[in-house]
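These notes are about the structure you will find just below.
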Amino acid sequence: MGLGVCVIMIAVGAILTFATDWEVDGVDLDLVGLILMAVGIIGTAVYTSILRRRRMVVPPVAPTVTDNDRRDLL
């Protein structure tokens with residue numbers, strides 16, 4: 001899951017939990033909304049931890065130029 005999907009799951013879960021008063025036989029929409037929000041939050045946490053690990057910045061190593069190397073280029 002990408003970060004966008006996680007945010008959409010959180011938004012849909014919040015809408016189902018807090019903004020609707022629909023009644024569906026056999027389905028508790030408040031619970032479905034809470035589950036969607038929990039899965040979205042967990043997905044966001046996992047995605048950001050993987051992203052942090054993947055984006056380790058290593059500074060580039062500049063080559064050392066000595067006087068002998070400069071003379072060879074001239």
ask   = Same hydrophobic cluster for Ile15 and Val5, using side-chain heavy-atom links shorter than 4.5 Å among ILVMFWY?
value = no
request  = Indicate, with yes or no, if Leu16 and Ile8 share a hydrophobic cluster defined by side-chain heavy-atom contacts under 4.5 Å among Ile, Leu, Val, Met, Phe, Trp and Tyr.
outcome  = yes
request  = Run through the side-chain heavy atoms of Ile, Leu, Val, Met, Phe, Trp and Tyr, join any pair under 4.5 Å, and report what else lands in Ile10's cluster.
outcome  = Ile41
task = Could you list who else is in Met37's hydrophobic cluster, with ILVMFWY side chains joined at under 4.5 Å, directly or through other members?
result = Phe18, Leu34
request  = Kindly compute the distance separating OG1 (Thr17) from CG (Leu36), expressed to the nearest 0.5 Å.
outcome  = 8.0 Å
With Leu31 via side-chain contact (heavy atoms from CB on, under 4.5 Å) - residues at least two apart = Asp28, Ile35
key: Nearest atoms (heavy-atom pairs only) where Cys6 meets Thr44   = CB-OG1, 3.3 Å
